Amino acid sequence: MRFLYIDERTLAVFYKSIFLFLYNTIAEYQQQLYSGKTTCLIATEHYLKKIESSKNLNAFVEVYVEESIERAKFLDEKRNNGQACGKLH
């Protein structure tokens, strides 16, 4: 696992520009997951697109697109099989 440093200002700008666009709160995201209105894959693909469109911020050194998509599919499959995944999945 790799960690990278993102300064607070860049993170705040990035967070405001992407998170509030699809879900207003974590609770709203959870509600949409439980009701079937969204999936981890939909959310992941949305945020990957937002990261790509915000490249000029230089907020990320590396983005693991394939790994993110595979993980989202895995979590959606677990949810569909009735297995507990966690609060954000």
Side-chain angles (χ1 to χ4, degrees):
M1 178 179 286
R2 296 180 188 176
F3 296 93
L4 56 109
Y5 173 77
I6 301 172
D7 66 86
E8 280 185 42
R9 183 178 174 282
T10 301
L11 184 60
V13 169
F14 183 75
Y15 178 82
K16 286 181 182 180
S17 72
I18 67 163
F19 188 75
L20 296 176
F21 184 77
L22 190 57
Y23 309 102
N24 290 319
T25 64
I26 295 294
E28 181 184 332
Y29 171 66
Q30 290 173 328
Q31 179 184 20
Q32 289 187 23
L33 274 176
Y34 293 126
S35 70
K37 291 181 180 178
T38 196
T39 65
C40 291
L41 182 59
I42 290 170
T44 300
E45 288 176 337
H46 169 77
Y47 292 121
L48 287 170
K49 288 177 188 173
K50 294 299 280 184
I51 290 169
E52 181 66 27
S53 69
S54 300
K55 274 185 165 181
N56 63 316
L57 294 176
N58 294 321
F60 294 93
V61 175
E62 295 182 51
V63 179
Y64 299 95
V65 175
E66 293 83 15
E67 293 90 338
S68 300
I69 290 171
E70 288 303 314
R71 180 69 178 165
K73 287 178 182 178
F74 172 76
L75 292 169
D76 285 339
E77 186 176 321
K78 281 183 73 171
R79 174 178 289 287
N80 291 337
N81 291 331
Q83 297 174 319
C85 298
K87 292 182 180 182
L88 294 178
H89 314 112

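None of the values given here were measured: they were computed from a predicted structure. Atom set for the values below is all heavy atoms of this structure, side chains included, hydrogens, waters and symmetry mates excluded. All residue numbers refer to positions in the sequence shown, counting from 1.
Under a hydrophobic-cluster definition in which Ile, Leu, Val, Met, Phe, Trp and Tyr are linked whenever side-chain heavy atoms come within less than 4.5 Å, directly or via other members, Y29 and Y47 are assigned to the same cluster. Under the 4.5 Å side-chain heavy-atom criterion for Ile, Leu, Val, Met, Phe, Trp and Tyr, V65 and L41 are members of the same hydrophobic cluster.
Between R79 and L75 the shortest side-chain heavy-atom distance does not fall below 4.5 Å.
If you take OG1 on T39 and CD on E45, they are separated by 7.5 Å, rounding to the nearest 0.5 Å. Of the inter-residue distances, the one linking L33 atom CG with D76 atom CG reads 7.5 Å to the nearest 0.5 angstrom.
Here the shortest heavy-atom pairing between A72 and T44 reads CB-OG1, 3.4 Å.
For K37, there are no salt bridge (charged side-chain N to carboxylate O under 4.0 Å, His left out) partners two or more places apart in sequence or in a different chain. For E28, the salt bridge (charged side-chain N to carboxylate O under 4.0 Å, His left out) criterion is met by no residue, not counting sequence neighbours.
In this structure, the side chain of S35 engages the main chain of Q32 through a donor-acceptor pair within 3.5 Å.
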